[in-house]
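Just so you know, these numbers come straight off a predicted model, no measurement behind them.
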Amino acid sequence: MYMSTSLLSAFVLFAFVSSITPGPNNTMLLASGVNFGFRRSMPHALGISIGFMVLVIAVGLGLGEVFKVFPWAYTVLRYVGAAYLLYLAWKIATAGGLSDSNDEQGKPMTFLGAAAFQWVNPKAWIMALGAITTYTPAEGYVTNVLVIALVFAVVNLPSVCVWVGCGSGLRTVLREPRWLRLFNGSMAGLLVLSLYPMLFAG
């Protein structure tokens, strides 16, 4: 049995709100849009959407149960994710000037890097677990998991691209090195602040 129209509509709204609101992915995409432009940031955006789709499927097919059986595994995930986010914050804070397509001084996150990051991104896990536990009917479960994952990817990609577009639009404003340093420092600070609920809430 597929999801009802009303349940699917509710899920699309959930997917949109959770995808477009601030978090580690969108903060990094905003910074990438500023530093590398829209086109060079697209592999990063695609990696997020496809990587998250795979994560949702994995959670739906049983990976989420691991945390119920081994609660310490989620603690390990949180601290590994925190360490990696601190590394990414440092990279953003120390980024050089704006990079053009033929400029090798800086490189945006790759498709595979962005996809792999979803597995240590606490917000991605919360979104995936919420989608599976709240919006996936038990009847026809596997089919519904696949539908949930696909719909999430379809909604997620244009949502995260909004952040890339906003960053790309700021490039002309931030060509002055001191303003770019201030922006990158602010984005790095937001990433660090995003660690608070992950490490200290609940």
Work out which heavy atom in [X] is nearest to a heavy atom in [Y]; give both atom names and the distance.
{"X": "P137", "Y": "L7", "value": "CG-CD2, 3.7 Å"}
{"X": "N35", "Y": "A31", "value": "ND2-O, 2.8 Å"}
{"X": "S41", "Y": "L29", "value": "O-CD2, 4.5 Å"}
{"X": "I57", "Y": "A149", "value": "CG1-CB, 3.4 Å"}
{"X": "W119", "Y": "G51", "value": "NE1-O, 4.4 Å"}
{"X": "R40", "Y": "K107", "value": "NH2-CA, 4.2 Å"}

Results of side-chain contact (heavy atoms from CB on, under 4.5 Å) for [X] - residues two or more places apart only:
{"X": "S168", "value": "F38, R171"}
{"X": "T21", "value": "V17, K123"}
{"X": "A124", "value": "F52, L55, Q118, N121"}
{"X": "T136", "value": "I132, Y141, N144, V145, I148"}

(request) Keeping to residues at least two apart or across chains, list the side chain to side chain donor-acceptor pair (under 3.5 Å) pairs with something in residues 51-63. (result) none
When you measure from the side chain of [X] to the backbone N and O of [Y], does any donor-acceptor pair fall under 3.5 Å?
{"X": "S18", "Y": "A15", "value": "yes"}
{"X": "S32", "Y": "M28", "value": "no"}
{"X": "W163", "Y": "I20", "value": "yes"}

(request) Report, as yes or no, whether the 6.0 Å neighbourhood of atom CZ on F16 holds more than 12 heavy atoms from other residues, nucleotides or ligands. (result) no
What's the spacing between [X] [atom1] and [Y] [atom2] if we round to 0.5 Å?
{"X": "M42", "Y": "F36", "atom1": "CE", "atom2": "CZ", "result": "15.5 Å"}
{"X": "L157", "Y": "S19", "atom1": "CG", "atom2": "OG", "result": "10.0 Å"}
{"X": "F111", "Y": "I48", "atom1": "CZ", "atom2": "CD1", "result": "10.5 Å"}
{"X": "N25", "Y": "S159", "atom1": "CG", "atom2": "OG", "result": "12.0 Å"}

(request) For S49, check side-chain hydrogen bond (donor to acceptor under 3.5 Å, both in side chains) against everything at least two apart and list the hits. (result) N156
(request) Could you pull out all residues at least two apart from S6 that satisfy side-chain hydrogen bond (donor to acceptor under 3.5 Å, both in side chains)? (result) S4
(request) Would you please classify the geometry between the F152 ring and the F11 ring as parallel, tilted or perpendicular, with 30° and 60° separating the classes? (result) perpendicular
